[in-house]
Amino acid sequence: MRQVLLLLLGLCLQGAQAAERAIDKEVVIQATLEQAWASWTTREGIRSFFAPDAVVEARPGGAFHIHIDPGAAPGMKGADDMRYLALQPMKMLSFDWNAPPSLPEARAQRTVVILRFTAVDAQNTRITLHHVGWGEGGQWDQAHAYFDRAWGNVLGNLKKRWDTGQAQDWTAWLAQLEAMRQRK
């Protein structure tokens with residue numbers, strides 16, 4: 001009996017050691033399930049809270065390019081060349097993701113983001129975000145810390161968009177980016 005208990009304990013500890021490094025966030029927004037889904041699956045939806053521009057083709061393998069800096073050179077706009085991996089309408093979507101251009105070693109690889117949508121009631125939707133695929137050390141640790149903050153901000157912007165009923169105005173952000181380019 002003792003050997004069985006030790007074996008079970010060992011299996012439990014092995015599972016605990018193999019726990020996947022992840023970022024997990026959640027938000028409840030004042031939007032219907034359909035509105036919440038459209039926020040992540042249309043260009044207009046992405047522009048309303050996430051970034052000034054995007055290329056969005058909501059289908060497996062379709063484009064999910066998020067242009068944080070639309071005026072930057074190709075490959076430096078933000079989440080360039082990302083793709084939807086899977087979509088279960090009104091329930092789940094996933095996409096690949098990369099680190100910011102300032103972290104080129106981590107940016108050379110991809111991670112995976114999974115969003116799940118659950119209607120709380122007719123006018124409120126819970127969105128959970130699960131971001132996995134992280135390496136260890138160096139730029140991976142920097143990218144993980146960056147996205148732990150960034151996803152909180154993105155979901156906060158989504159909540160604000162639906163709480164206020166107003167899409168994000170990117171005018172000041174774009175002017176700031178252009179001013180930075182002019183100084184270079």
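Quick note: numbers below take in every heavy atom, side chains included, and nothing from hydrogens, waters or symmetry partners.
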Closest non-hydrogen atoms of W37 and P89, given as atom of the first, atom of the second and distance, are CZ2-CA, 3.6 Å
Please give me the minimum heavy-atom distance between W40 and I46, naming the atom from each residue. CA-CD1, 4.1 Å
Which class fits the ring pair W97 and W151: parallel under 30°, tilted 30 to 60°, perpendicular over 60°? tilted
Please set out all donor-acceptor pairs under 3.5 angstrom arising from side-chain atoms of residues 135-142, sequence neighbours excluded.
from, atom 1, to, atom 2, distance (Å)
Q139, OE1, E105, N, 2.7
Q139, OE1, A106, N, 3.2
D141, OD1, R21, NH1, 3.0
D141, OD1, R21, NH2, 2.9
D141, OD1, G137, N, 3.1
D141, OD2, G137, N, 3.4

Rounding to 0.5 Å, atoms OG (S48) and CG (L158) come to a distance of 7.0 Å
Which heavy atom in A54 sits nearest to a heavy atom in V56, and how many Å separate them? CB-CG2, 3.8 Å
Are F117 and V120 in one and the same hydrophobic cluster, where Ile, Leu, Val, Met, Phe, Trp and Tyr link if side-chain heavy atoms are under 4.5 Å apart? no
Where G75 and D80 come nearest, the two heavy atoms and their spacing: N-OD2, 2.6 Å
Contacts of T125 that satisfy side chain to side chain donor-acceptor pair (under 3.5 Å) - sequence neighbours left out: none
Looking at side-chain heavy atoms only, is the closest gap between S39 and W162 below 4.5 Å? yes
Listed partners of D24 passing side chain to side chain donor-acceptor pair (under 3.5 Å), at least two apart: H130
Non-neighbouring partners of N153 that pass side chain to side chain contact (heavy atoms under 4.5 Å, CB included), sequence neighbours left out: none
Considering only residues two or more places apart or on different chains, which pairs with a residue in residues 65-94 satisfy ring pair (Phe, Tyr, Trp, His ring centres under 6.0 Å)? F64-Y84
Salt bridge (charged side-chain N to carboxylate O under 4.0 Å, His left out): which pairs involve residues 163-179, sequence neighbours left out? K159-D163, E178-R181
To the nearest 0.5 Å, tell me how far I29 CD1 sits from R161 CZ. 8.5 Å
Among the clusters formed by ILVMFWY side chains lying less than 4.5 Å apart, do L85 and I66 turn up in the same one? no
Partner set under side chain to side chain contact (heavy atoms under 4.5 Å, CB included) for P101, not counting sequence neighbours: M76, R107
As an exercise, state the distance from CZ of R110 to CG of N98, rounded to the nearest 0.5 Å. 4.5 Å
Listed by chain and number, what are the side chain to side chain contact (heavy atoms under 4.5 Å, CB included) partners of A86, not counting sequence neighbours? M92, S94
Summary of salt bridge (charged side-chain N to carboxylate O under 4.0 Å, His left out) pairs that have at least one residue in residues 38-47, sequence neighbours excluded: R43-D53
Atom NE2 in H131, atom CG in L115: separation rounded to 0.5 Å? 10.5 Å
Can you list the other members of the hydrophobic cluster that holds V55, where links are side-chain heavy atoms under 4.5 angstrom apart? none
K25 meets the side chain to side chain donor-acceptor pair (under 3.5 Å) criterion, sequence neighbours left out, with D148
Closest heavy-atom pair, G133 versus T111, reported as atoms and distance to 0.1 Å, is O-CG2, 3.5 Å
With sequence neighbours excluded, what pairs up with T128 under the side chain to side chain contact (heavy atoms under 4.5 Å, CB included) test? E26, R116, R126
On a heavy-atom basis, the closest approach of G78 and I68 is CA-CG1, 4.2 Å
Between atom OH of Y146 and atom OG of S102, what is the distance when rounded to the nearest 0.5 Å? 7.0 Å
